[in-house]
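Quick one: this structure, given as structure tokens, is what I'll be asking you about.
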Amino acid sequence: MSLHFIKAGLQTSIQDLGRHGLMHQGISNSGAMDSNSIKLANWLVGKPIESPVIEVTLIGPIIRFEGPMTIAICGAQFELYLNGDLVFNDETIQIKKDDVLEFDRIRQGARAYIAFSGDLQLTPILGSCSTHLTAKFGGFNNRQINDKDRLEITSFTLSSNKKIPAINEVTYSGNYLLRCTHSVESEQFSQQQSKQFFSQRYQVTPECNRMGIKLTGKPITFKEKPDITSCGLTQGSIQIPPSGQAIISSVDGQTIGGYPRIANVISADLPILGQLKAGDQLNFTLVTQSLAEKMLAEIQILQNKMTGS
Amino acid sequence: MNVADSCSFSYKIVDNGDAALTIIFDEPSSEILTRKIVTVQQKIKDSSGDDFLDIIPAYQSITILFDLLKISKDNLKKKLSDILNQSIEPSNYQSKLLEIPVCYESEYALDLSELARHCQMSERQVIATHTSEMYLVHMLGFLPGFLYLGGLSSRLYCPRKNNPTARIPAGSVGIGGEQTGIYPVESPGGWHIIGCTPTPMFDPTRDNPAIASPLDRVKFIAIGQSEFLKLQKKYEETTQ
């Protein structure tokens, strides 16, 4: 039985929680850019939360299902139609043979995640089914999904109807405050530069993808060229290149960075990066390490409550 | 910030976001430092392998990414300091020598004439200089399987292009600033392209997708187009 992509959408790809332990070979983690929504979607269909799903970006697909199954969609909110009738995020959707799911206009966020009660037939590469779009490996045929692709699904059972508890639901306003801690070169920025960075409002540019997110604001200028050596670059690093405009690195980004980093988005806020799109407004604020740890632990507790683990 | 007196190198441990730490060594990039970094990296892996997700060695640093829910940053920092303050036997890693065939003919060397002009050399001299050096792998990064090589002759230094090329084919050999390297996958880039290798630099179906590790050595061997095509065909057949 297969999923038939009548239309693939803008950038539709298979993602799970990514691959670790290979950054020393230049291989970034990949995986769902919004690692929160993938877990919610998998939980709804009764799958382990790290199972591969379909990541949909800005313009969604039209999919015909060649057999019955249970699906769930979390993350960005699109207008969703099943055979012409509205269906919704954050709850199970029961699918019959030959049903057609259509992603229409996007209302909130940037990336949605479709989870399935069945198993997508995929071969993990380097420990993950995620598609590495820049290096072209993993996922479905080492690439994003194209029009007319068919994705095989095996060994599934239907799952019972479920909804995401209200406390776990997320909305995306397009206006975010991202919390940060220090990064390697933070101390090389003057007080004035830091003050400017943490007080001004940034806008997300159209150059916003799985490698990184370019922002625009009043440029941060250097009197002297900063003294830095290339070193390990992590997700959420906010680099200031010579243009003075900030770039946030993301899941498919480089593993070594050469621009000074003014700050780093905390782990608890990284999922939001997957929901940013051109025109969104951002502010940054500096928090302590202990708050960053507490915020991540709280998300984990909420998830554990939901999954009952 | 820690500065250790008791070990053979001084370092500091700095924050790299909330879930990573970077050890920065206070000495210029060199083969000796790369050997130390390889040694320390192995020691960290051996003594606290479960605590980290990824470890990225670089010219003068090691970055350790960890699971914030499993270990606190303060605890990891302490563990790293303990490791760095012990006396550490230098790595006995046996360097591999990789001979990488490169076709420098014009079809694969779009920027060779421009680079030769900049360096005030003939194209033939550029190729002779590029193939005469032995290069040291310091680190991997930028793109999957990309090798940061040390040892480029200063006669071949050439600033990066002002306008990056949109699509540089996989295998292209380039020079940018004071560095030379091979694009392992198709990518945009600002380096001057002087040739192309048919040898796959990155193969995700291997357990070790990259062709080399830090401390390995690379030598470029000039080949003609017919040899290039023959090798390219051979590699295509073996990967199918």
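No experiment lies behind these values; they were computed from the predicted model shown. Naming: A, B, ... by sequence-line order, numbering from 1 per chain.
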Quick check for you: to the nearest 0.5 Å, what is the distance between B:Ile62 atom CD1 and A:His24 atom NE2? 12.5 Å
Below 4.5 Å from any heavy atom of chain A, which atoms of B:Leu143 appear? Answer side chain, backbone, both or neither. backbone
Which atom pair, heavy atoms only, marks the closest approach of B:Gly141 to A:Ile256? CA-CG1, 3.6 Å
Can you tell if the side chain of A:Phe137 reaches within under 4.5 Å of the side chain of B:Thr205, non-hydrogen atoms only? no
Are there more than 12 heavy atoms of other residues, nucleotides or ligands under 6.0 Å from atom OH of A:Tyr259? no
Who among B:Thr22, B:Leu69, B:Ile24 has the most heavy-atom pairs with chain A under 4.5 Å? B:Leu69
So for A:Asn29, is it side chain, backbone, both, or neither that comes closer than 4.5 Å to the heavy atoms of chain B? side chain
Do B:Asn208 and A:Gln25 have side-chain N/O donor and acceptor atoms under 3.5 Å apart? yes
Residue among B:Ser29, B:Gly145, B:Pro209 with most heavy-atom pairs under 4.5 Å to chain A: B:Pro209
Should the heavy atoms of other residues, nucleotides or ligands under 6.0 Å from NZ of B:Lys96 be counted, would the total exceed 12? yes
B:Ser213 portion near chain A, given a 4.5 angstrom heavy-atom threshold: neither
Ignoring hydrogens and geometry, is there a side-chain-to-backbone donor-acceptor pair from B:Asp15 to A:Val184 under 3.5 Å? no
Is the number of heavy atoms from other residues, nucleotides or ligands within 6.0 Å of NZ (B:Lys219) greater than 12? yes
About how many Å separate CZ of B:Phe25 and SG of A:Cys231, when rounded to the nearest 0.5 Å? 11.5 Å
Chain A contacts, top residue of B:Gln60, B:Lys73, B:Gln41 (heavy-atom pairs, under 4.5 Å): B:Lys73
Partner chain B: residue of A:Ile266, A:Thr123, A:Val287 with the largest heavy-atom pair count (under 4.5 Å): A:Ile266
So which of A:Gly127, A:Ser267, A:Ala135 has the largest heavy-atom pair count under 4.5 angstrom toward chain B? A:Ser267
Do other residues, nucleotides or ligands put more than 12 heavy atoms under 6.0 Å from the CG atom of B:Leu97? yes
Which distance, rounded to the nearest 0.5 Å, do you find between the CD1 of A:Ile125 and the CZ of B:Arg206? 13.0 Å
Does B:Val14 reach the side chain of A:Glu187, with side-chain heavy atoms less than 4.5 Å apart? no
Counting only heavy atoms not in B:Lys161 (residues, nucleotides, ligands), do more than 12 fall under 6.0 Å from its NZ? yes
Which pair of heavy atoms, one from B:Val185 and one from A:Thr134, lies closest together, and at what distance? CG2-O, 4.4 Å
Return yes when atom CD of A:Gln200 has more than 12 non-hydrogen atoms of other residues, nucleotides or ligands closer than 6.0 Å, and no otherwise. yes
Checking A:Leu233 against chain B: side chain, backbone, both or neither under 4.5 Å from a heavy atom? backbone
State, to 0.1 Å, how close A:Thr255 and B:Phe142 come at their nearest heavy-atom pair, and which atoms those are. OG1-N, 3.7 Å
CG (A:Leu10) with more than 12 external heavy atoms under 6.0 Å: yes
Any side-chain donor paired with an acceptor under 3.5 Å for B:Asp18 and A:Thr181? no
Got a sec, which residues hit ring pair (Phe, Tyr, Trp, His ring centres under 6.0 Å) with B:Tyr157, two or more places apart in sequence or on another chain? none
For A:Met23, is there any backbone N or O sitting under 3.5 Å from a side-chain donor or acceptor partner on B:Asp54? yes
Most contacts with chain B, counted as non-hydrogen pairs under 4.5 angstrom, among A:Asn142, A:Thr229, A:Thr234: A:Thr234
For A:Gln289 and B:Gly17, work out which heavy atoms get closest and say how close. OE1-O, 4.4 Å
Between CG on residue B:Asp207 and CG on residue A:Leu22, distance to nearest 0.5 Å: 10.0 Å
Scanning both residues in full, the closest heavy-atom pair of A:Ser183 with B:Asn16 reads OG-OD1, 3.7 Å
What part of A:Ser237 is in contact with chain B, defined as an atom under 4.5 angstrom from a non-hydrogen atom: side chain, backbone, both or neither? side chain
Take atom CG in A:Asn304; do more than 12 heavy atoms of anything else shown fall under 6.0 Å from it? yes
